[in-house]
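Reminder, nothing fancy here: chain letters follow the sequence lines and each chain counts from 1.
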There are 2 protein chains.
Amino acid sequence: MQQYLTQFSHILLFEHIPQADLLRSLNCLNAQVIHFEKGNIILHQGEPARFIGIILDGSVNIISSDISGNHTLVTHLQHGNLFAETFACAELDSIPASVIAAEDSVIMLLEYKRVITGCRNGCMAHSLLVTNLMRSIARKNLRLSQKLSILSRRSTRSKLIAYLSTEKQKSGTSRFMIPYDRQELADFLCVERSAMSAELSKMKKEGIISFRKNEFELLAVHQDDGCAPPSV
Amino acid sequence: MQQYLTQFSHILLFEHIPQADLLRSLNCLNAQVIHFEKGNIILHQGEPARFIGIILDGSVNIISSDISGNHTLVTHLQHGNLFAETFACAELDSIPASVIAAEDSVIMLLEYKRVITGCRNGCMAHSLLVTNLMRSIARKNLRLSQKLSILSRRSTRSKLIAYLSTEKQKSGTSRFMIPYDRQELADFLCVERSAMSAELSKMKKEGIISFRKNEFELLAVHQDDGCAPPSV
DNA sequence: TCCGCTTTGTTGGAAAACCAACGTATTTAT
DNA sequence: ATAAATACGTTGGTTTTCCAACAAAGCGGA
């Protein structure tokens, strides 16, 4: 376990936990560190959600298969990230996807039941772990909601405005950089790149926005043509 | 506090917690029960996220205001629901929306810090509360992800197929009822009602689905034309 | 500098979604 | 039972998006 101490410092789940406490706590949680070769299955779709996974090294793919046998890559996660934590915390009888090592990887598995059951040693680290876990899930929740509010717009233009507004708000300044190139932005907004590019030009011509490369400026905001509030 | 015992039984956050324990625990958490008149502000946008709210009676609106002063109704929540739990668990410095009583309401506020700090009495209820909270957030997370995977489809048809597939999977049977009328379904999918209706007819004619009122049957599933995996 | 490669913007035709308006069926109220 | 209201399907014209193909601009290496 000692040998992974350097990795631990990059893992948000372990934030604010002193190393000594962390080691004691992981021991108390009976954390397992396992090496998986590329292509090996870490968690099988359909099994009960027991574990929270932490990628200490390597990366994994989350793959969901439907009844007809179609596989879809849900996402790819790099080292430092958690996986299946949502499934475990939701206490699902059956996880809706498999987790597969995308390359040779080192994975730590924590048993959810142990995480949430306060340990008799009353270790502080344990309770911090739960708080960190909760924060991580809650923040993911906020990101999902935000993206949802963008994708619920009907037109390319209003998706762009919704996205740029949130970026502007995040940055605090009127001019800001976005972390995507045009293709990535189009993918993020789920629209077609060239159509989006055309729309951007049109908006620039109309004086709504200005941009150069990845630096944008949102000049005027408008009445929204959004759809009904997300009733999830 | 006693007087609200009947309401408590409908609140998922309190699931599996015996009443006696619950009362003791709420006391130990210093839970406040407050009456708000219609229109009064329960939580102000911009304030630090300290509280988890529980609607014991009445209902609330979540309203977000942007810099230009546009207000948008994010959602409406009925009694029995939680609110602001995501903000609190995400430990935001500043909550991104206000919570306003939509009618005369009875609200319970729990201080997040107290909830996550194990109490010295070591009460079992306390730890159950945390588990329940976590489960609730994680499940919301799953719902959001699922909706996101539907809205990231580009065409009305593939949104319909994505939605009907998940409903089919949920129900377990090939024929299933959906909880929306046509207008609500269109709103949920963020498409136009009449266009959706037309698409449904077309799909029926092609033999992909059949339906009568709210009872649907998904006959064949197809290659997906989905977009890139959600990189949230 | 020149050449190739990638990214971004532009354009035109095809397809899809939007929108309003209307006809029909079903439900609710009187 | 009748009338009114609501929900659903259909249609035609308009707008937007998609798609493929190409042009222009930016970038890196030889």
Between dC18(C) (P) and Gln183(B) (CD): distance, integer Å: 12 Å
Take atom CZ of Arg153(B) and atom P of dA17(C), then tell me their distance rounded to the nearest Å. 14 Å
Nearest-Å distance for atom pair NZ/P, residues Lys213(B) and dT24(C): 21 Å
Partners meeting side-chain contact (heavy atoms from CB on, under 4.5 Å) with Glu199(B) (sequence neighbours left out): Thr156(B), Arg157(B), Leu160(B), Lys202(B), Met203(B)
Going 5' to 3' along nucleotides 10-16 of chain C, which nucleotides have protein heavy atoms under 4.0 Å from the base (write B), which only from the sugar-phosphate (write S), and which from neither (write -)? B------
With sequence neighbours excluded, what pairs up with Arg139(B) under the salt bridge (Lys or Arg N to Asp or Glu O under 4.0 Å) test? none
Taking 5' to 3' order, which nucleotide of DNA chain D is first and which is last to have an atom within less than 4.0 Å of a heavy atom in chain B? dC8(D) to dC19(D)
What residues, two or more places apart in sequence or in another chain, satisfy ring pair (Phe, Tyr, Trp, His ring centres under 6.0 Å) together with Phe8(A)? Phe14(A)
In whole Å, I'd like the distance from the CG atom of Asp187(B) to the C1' atom of dC18(C). 14 Å
Can a donor-acceptor pair be found between the side chains of Glu192(A) and Ser194(A) at a distance below 3.5 Å? yes
Could you tabulate the donor-acceptor pairs under 3.5 Å formed by side-chain atoms of residues 85-102 of chain A, not counting sequence neighbours?
from	atom 1	to	atom 2	distance (Å)
Glu91(A)	OE1	Arg135(B)	NH1	3.3
Glu91(A)	OE2	Arg135(B)	NH1	3.4
Ser98(A)	OG	Gln45(A)	N	2.8

Would you mind telling me which residue lines up with the more 5' stretch of DNA chain D, Asp181(B) or Arg157(A), judged by nearest nucleotide? Asp181(B)
Checking side chain to side chain contact (heavy atoms under 4.5 Å, CB included) against Phe83(B), which of Asn61(B), Thr75(B), Ile42(B) comes through? Ile42(B)
Is it true that, when you exclude Lys38(A) itself, more than 12 heavy atoms of the residues, nucleotides or ligands shown sit nearer than 6.0 Å to its NZ? no
Taking 4.0 Å as the cut-off, does a side-chain nitrogen or oxygen of Arg212(B) come that near to OP1 or OP2 on dA25(C)? no
What's the separation between atom CG in Leu218(A) and atom CZ in Arg175(A), rounded to the nearest 0.5 Å? 12.0 Å
How long is the line joining CD1 of Ile178(A) and P of dT7(C), in whole Å? 14 Å
